[in-house]
Amino acid sequence: MSGLRREEVALLAGISVDYYTRLEKGRLKTASAPVLDAIARALQLDPAERAHLHDLARAARGETADRQSHAESVVVRPALTWMLDAMSPCPAYVRNAKLDVLVSNAMGRVLYAPAFDRADEPPNLAVFCFLDERAPVFFPEWSAVAQGMMALLRAELGRNPDDEGVNQLIDRLAEGSDTFRRLWAAHNVRESPAETTLIEHPDVGTLLLALEAMNIAADPGLTMVTYAAEPGSASSAGLSRLSQLVINQQSPLA
């Protein structure tokens with residue numbers, strides 16, 4: 001809740017001003033879950049912000065999330081690749097929490113062609129968004145996309161503050177992007193809700209796509225992202241043209 005003074009937050013949370021001041025300064029090691037929930041209610045935090053607050057407290061206690069380090073090699077199960085390929089003509093890919101695209105179906109690679117033609121291996125969505133000059137054209141609503149990607153990284157760092165891969169990525173983005181540095185200082189976090197994405201594709205034009213991001217239960221830290229267009233819409237016709245591009249690329253005569 002914006003505009004509340006420190007004393008008012010402490011009163012609403014049922015704790016002393018002195019204790020809240022210590023927590024506000026990052027001394028979360030002794031904060032219990034009920035206290036954190038009371039503060040979250042007082043500040044009217046959304047679910048992502050509430051989870052981030054608990055993640056910070058766990059990190060202060062030396063408890064890390066049960067996730068594989070991004071510095072380690074991640075092997076994507078063959079079943080996930082089979083599933084992605086079976087989902088055509090919907091663009092789909094699997095990413096980790098660092099926003100590396102670990103595996104994608106053909107439609108996903110064609111949809112995100114500018115990201116896939118970079119030298120980064122694996123392709124990283126945040127690197128493309130913040131460090132590629134084509135991104136603001138590819139994403140007509142670039143500001144919102146940039147804020148979303150930055151916030152996802154902020155939430156991941158709260159869960160795994162010592163993850164070397166995430167920290168190296170953040171350093172790279174901060175060094176190369178003034179916008180990232182400004183957004184990072186805002187400390188926003190978010191989940192991956194259902195939403196829509198507007199894309200200006202270099203081959204088929206404007207696409208308004210529904211995006212679904214689904215955590216993979218068997219692989220903690222991995223997320224499957226899929227895109228679809230409203231049936232009968234101009235964007236649906238655009239996806240059909242993308243599908244034809246895939247067919248042409250796979251044809252031996254292409």
Side-chain angles (χ1 to χ4, degrees), residues 46-49 51-52 76 80-81 83-118 120 122-130 132 134-156 169 173 180 183 188-217 219-243 245-246:
D46 64 26
E49 292 166 334
H52 185 57
V76 177
L80 290 178
T81 302
M83 183 175 296
L84 291 175
D85 289 340
M87 293 172 69
S88 184
C90 290
Y93 57 81
V94 172
R95 63 163 175 81
N96 59 19
K98 183 187 161 189
L99 303 182
D100 290 326
V101 178
L102 303 180
V103 63
S104 173
N105 64 10
M107 280 290 286
R109 291 189 292 274
V110 171
L111 178 65
Y112 273 91
F116 276 86
D117 69 16
R118 291 178 55 87
D120 300 281
N124 183 276
L125 298 173
V127 169
F128 172 66
C129 179
F130 287 101
D132 196 306
R134 297 169 295 176
V137 176
F138 186 78
F139 296 116
E141 298 174 337
W142 180 83
S143 179
V145 173
Q147 290 185 54
M149 290 190 181
M150 182 283 308
L152 287 171
L153 290 176
R154 169 69 72 179
E156 178 59 19
L169 173 63
L173 297 174
F180 180 84
L183 293 176
N188 292 325
V189 295
R190 65 175 295 186
E191 296 174 326
S192 296
E195 56 185 28
T196 59
T197 296
L198 187 65
I199 289 174
E200 187 67 27
H201 195 276
D203 292 314
V204 300
T206 304
L207 297 171
L208 179 62
L209 304 176
L211 179 158
E212 294 287 342
M214 298 160 281
N215 294 329
I216 301 174
D219 299 288
L222 298 188
T223 301
M224 180 177 291
V225 181
T226 64
Y227 297 84
E230 181 181 356
S233 66
S235 295
S236 179
L239 283 186
S240 295
R241 293 196 297 275
L242 274 187
S243 181
L245 286 177
V246 171

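Excluded from the calculations below are hydrogen atoms, water molecules and symmetry mates; all remaining heavy atoms, backbone and side chain alike, are included.
Rounding to the nearest 0.5 Å gives a distance of 8.0 Å between CD of Glu141 and CG of Leu208. Rounded to the nearest 0.5 Å, atoms CG (Leu80) and CG (Leu222) are 7.5 Å apart. Expressed to the nearest 0.5 Å, how far CG of Leu111 lies from CG of Leu242 amounts to 6.0 Å. For the atom pair OG1 of Thr226 and CG of Leu211, the computed distance is 7.0 Å after rounding to the nearest 0.5 Å. Rounding to the nearest 0.5 Å places CG of Leu207 at 10.0 Å from OG of Ser236. Taken from CG in Leu169 to CG in Leu153, the straight-line distance is 5.5 Å, to the nearest 0.5 Å.
Contact between Asn105 and Leu84 at its shortest, heavy atoms only, is ND2-O, 3.0 Å. Across all their heavy atoms, Asn124 and Lys98 have their closest contact at ND2-O, 3.0 Å. Ala229 approaches Ser235 most closely through the heavy-atom pair CB-C, 3.7 Å. Closest non-hydrogen pair, Ala146 versus Phe130, comes out as O-CZ, 3.3 Å. In this structure, Ala115 and Pro123 approach most closely via the heavy-atom pair O-CB, 3.9 Å. Closest approach of Asp132 and Pro114 over heavy atoms only: OD2-O, 4.4 Å.
Counting only heavy atoms from C-beta outward, the side chains of His201 and Arg241 never approach each other to under 4.5 Å. A heavy-atom distance below 4.5 Å is found between the side chains of Leu152 and Arg95. Asp117 places a side-chain heavy atom less than 4.5 Å from the side chain of Arg134. Side chains of Asp203 and Val110 form no contact here, defined as non-hydrogen atoms less than 4.5 Å apart.
Within 6.0 Å of the CE atom in Met83, the count of heavy atoms belonging to other residues, nucleotides or ligands does not exceed 12.
The side-chain hydrogen bond (donor to acceptor under 3.5 Å, both in side chains) search around Tyr227 returns Tyr93, Tyr112, not counting sequence neighbours. Residues meeting the side-chain hydrogen bond (donor to acceptor under 3.5 Å, both in side chains) test with Asp85, sequence neighbours left out: none.
Looking at Thr223, its side chain never comes within 3.5 Å of a backbone N or O of Val94 through a donor-acceptor pair.
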List the steps and the verdict of side chain to side chain contact (heavy atoms under 4.5 Å, CB included) for Asp120 and Phe128.
CA-CA 9 Å; Asp120 300 281; Phe128 172 66; over 6 Å; no
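Evaluated for a side chain to side chain contact (heavy atoms under 4.5 Å, CB included) with Leu239, the options Pro91, Pro89, Cys90 yield exactly one hit, Pro91.
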